[in-house]
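Worksheet: one structure, shown below.
In what follows, every chain begins at residue 1, and chains take the letters A, B, ... in the order their sequences are listed.
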Number of protein chains: 2
Amino acid sequence: MDGTGWRPVKRTRTFEDVLAQIERRITEDGLTAGDRLPAERQLAEQLGVSRSSVREALRVLETLGVVSSQVGRGPDAGAVLTSRPDSALTDLLRLHLGLAGLEMREVIDARHMIEQWAAAHAASSGADTSALAAALAGMDGAKSAEEFVEHDTAFHCAIADASGNRFIAAIMRSLRDSMRKYSVEAVRRLGDTSVLRADHVRILEAVERGDAGEAVRAVSEHLAHAYPTLFR
Amino acid sequence: MDGTGWRPVKRTRTFEDVLAQIERRITEDGLTAGDRLPAERQLAEQLGVSRSSVREALRVLETLGVVSSQVGRGPDAGAVLTSRPDSALTDLLRLHLGLAGLEMREVIDARHMIEQWAAAHAASSGADTSALAAALAGMDGAKSAEEFVEHDTAFHCAIADASGNRFIAAIMRSLRDSMRKYSVEAVRRLGDTSVLRADHVRILEAVERGDAGEAVRAVSEHLAHAYPTLFR
DNA sequence: ACCAATGTATGGTCAGACCATACCTAACCA
DNA sequence: TGGTTAGGTATGGTCTGACCATACATTGGT
C-alpha cells in the first residue's frame, strides 16, 4: 500500500469539534456577552455527541473566561457568554510561574512596561482620577503590609483602567494578582512606606496635571524604590 | 439550630478540588516541565473522585498550556507537564475579540507598547539579530500579502524574543496571531510595501547599533505607516 | 393578593463500558 | 543468536445512563 496522502479518519478530538462549533456560532450568529448558550443536553443532541464532550468544551471556554455556567433554572441558568479574561490570565500566570517557566523578573519588567504606558495615556487623555485618590487614601489607613499591598494594587490597577485599554488593564490585574505575595514581602523588607507614598502622590499629581512625561518618570522611579534589588 | 458559621457542605466543584490538588502537587513536589502526572484512572482513585472530574481538571490545565496529554503507552504517554502559554493566550485573545469584548484598537495599542519596549531592550542588551535579518529577507521574497505578513510577524516576534522576556514575547505572538487577518487587509490596502521595508531596515540597524532611542522612534513611525487610520 | 407545596430544567457528579493508540513482551522463525 | 511478529496491556477519548442539588416555574390553597 502506498502511504501517500493517507489521512487518519479522526484527527481532532470530539470536544475540539464542539469547541469549534460553539465558536462558529458565536461569530456567525453575532452572539455577545450576556447571551445564553443551549443547555448541555440540547447541545449534545444538536451536535450528535455525548454530554461529556460538550462539558469538556464548555470547561475550556469557562477557563478562557468566555462562558459562565449557572445551575438551576430560569433566565440566568445555563451557560452564559461572558467576557472575563482576567481570571484566565491570572491562572495562566500563576501556573506558569509555579512551573518555573517564567521568572519574577520577567513579570516585574512587564509590569514596568505597562505602568509607564498606562500612566502616560491616563495623563494625556485626562482620565478620571478619583479611583486613584481613593486607593491612595486606603494605603494611608493600612495597618499591615497585606492591607497596604491591597490598596497599592488598587492604585496601580486604577491607572491601567484609566488608560482606557481593557486588554492592558486585564494583564495588569493578573500581574498584580500573581505577584501579591512577592509584593508583600518587598513591602516588609522595605519597612518604611513613606517613600512609596510620596511616589504615589507624585504619580497622581502628574496624571491629574496631564503631564505624561513626568508621569512616566514618576512610575519608573517608584518601581525602582519598591524593588530596589531588581534595578541596576 | 443556630445558623452561625454554617457552611454549605460543598462550595467548590469537584474538578476544582482536583485542580487545586494537582496544582499543590506541582508546587510542593517541585514538578517541572517534562514531568509526568499520574494516569487519569489512578488520579481519580487517589483523590476519590470520578474520572470525569479528573478529566475536566486536566482539560483546564491543558487549556492553560500547563499539561499535554498523549495517548498510548510508554514514557511519553499520559499527562505531561509543559509550559506553553502561547496557545492559551492566543485562544483567549481570539475569543474575546470575537465576543466584541475587546476592540482592535486596544490590541494594536498593546502591540505598540510591547514593540517599543522590546526594541529598546533588544537594542540596549546587544541581542542576536540574525532572526530579524532572516525575517527581513523573507519579506523581500514574499509574493502575496499573506506571505508578507507571515514574515513581518516573524520579524516583530523576533524583536520580542530578543528582548529576553518570555512573557512579553508570548503576548506579542498572541497579538500577532489574533490580528493576522487584519494585518493582511492593512497590507493590501497599503499596496506598496517599500515604506514598510525601509522601516524594518531602520529598526534592525538601530537594534544592531544598540541605539535604543532610535529603535523606539523607528518602531513608532513604522506602526503609524502600517496602520495610518489608527493614529491621529 | 399572597404564600406554600410541588414540578421541572439545569449543571455537577458518578459508574461502567467500549474504542483506538502505542508501547511492551514473549513466542516464533531463520 | 538475532530479528520479526502476534498478542498483551496501559493509556487517553468517548459514550451511555443514572442520580443529585439547585433554583426557577407552576399550581393550588388561603
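- For the pair Glu45(B) CD and dA10(D) C1', the computed distance is 14 Å after rounding to whole Å.
- Annotation: of the two residues near DNA chain D, Pro38(B) and Gly74(A), the 5′-most nearest-nucleotide partner is Pro38(B).
- Rounded to a whole Å, the CD atom of Glu40(A) is 15 Å from the P atom of dT16(D).
- Defined by atom type and a distance below 3.5 Å, a donor-acceptor pair is present between the side-chain atoms of Thr153(A) and Arg176(A).
- Comparing Glu56(B) and Val71(B) by the nucleotide of DNA chain C whose heavy atom lies nearest to each, the residue mapping closer to the 5' end is Glu56(B).
- In terms of polar N and O atoms assigned as donor or acceptor, the side chain of Arg13(B) never comes within less than 3.5 Å of the base of dG11(C) in a complementary pairing.
- Under the 4.5 Å side-chain criterion, counting only non-hydrogen atoms from C-beta, Met172(B) is in contact with Glu115(B).
- If you measure from atom CD of Gln70(A) to atom C1' of dA21(D), you get 15 Å, rounded to the nearest angstrom.
- When heavy atoms are screened at a 4.0 angstrom cut-off, Ala39(A) is found touching the sugar-phosphate backbone but no base atom.
- Between Arg41(B) and Arg41(A), the residue whose closest nucleotide on DNA chain D is further toward the 5' end is Arg41(B).
- The CD atom of Glu62(A) sits 12 Å away from the P atom of dG11(C) (whole-angstrom rounding).
- Contact annotation: side chain of Arg59(A) to base of dG12(C), donor-acceptor pair absent below 3.5 Å.
- Separating the CZ atom of Arg73(A) from the P atom of dT22(D) is a distance of 17 Å, rounded to the nearest angstrom.
- Atom CZ of Arg51(B) is separated from atom P of dT16(D) by 16 Å (rounded to the nearest Å).
- Look at Arg55(A) and you'll find a side-chain N or O under 4.0 angstrom from OP1 or OP2 of dG12(C).
- In this model, the phosphate group of dT11(D) is approached by a side-chain N or O of Gln42(B) to a distance below 4.0 Å at OP1 or OP2.
- As judged by a 4.0 angstrom heavy-atom cut-off over every strand, Gly72(A) is placed among the base-contacting residues.
- Side-chain N/O atoms of Glu185(A) and Ser183(A) include no donor and acceptor closer than 3.5 Å.
- The phosphate of dC15(D) has neither OP1 nor OP2 within less than 4.0 Å of any side-chain N or O from Ser52(A).
- Side chains of Leu175(B) and Leu93(B) form a contact here, defined as non-hydrogen atoms less than 4.5 Å apart.
- Atom CG in Leu43(B) sits roughly 15 Å away from atom C1' in dA10(D) (whole-Å rounding).
- Taking atom CZ of residue Phe15(A) and atom C1' of nucleotide dC15(D), one finds them 16 Å apart after rounding to whole Å.
- Proximity of Ser53(B) to the phosphate of dC14(C): a side-chain N or O atom is located under 4.0 Å from OP1 or OP2.
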Before giving the answer on side-chain hydrogen bond (donor to acceptor under 3.5 Å, both in side chains), spell out for His222(A) and His156(A) the whole-Å C-alpha distance, their side-chain angles and the decisive distance to 0.1 Å.
CA-CA 11 Å; His222(A) 172 54; His156(A) 290 278; 3.2 Å; yes
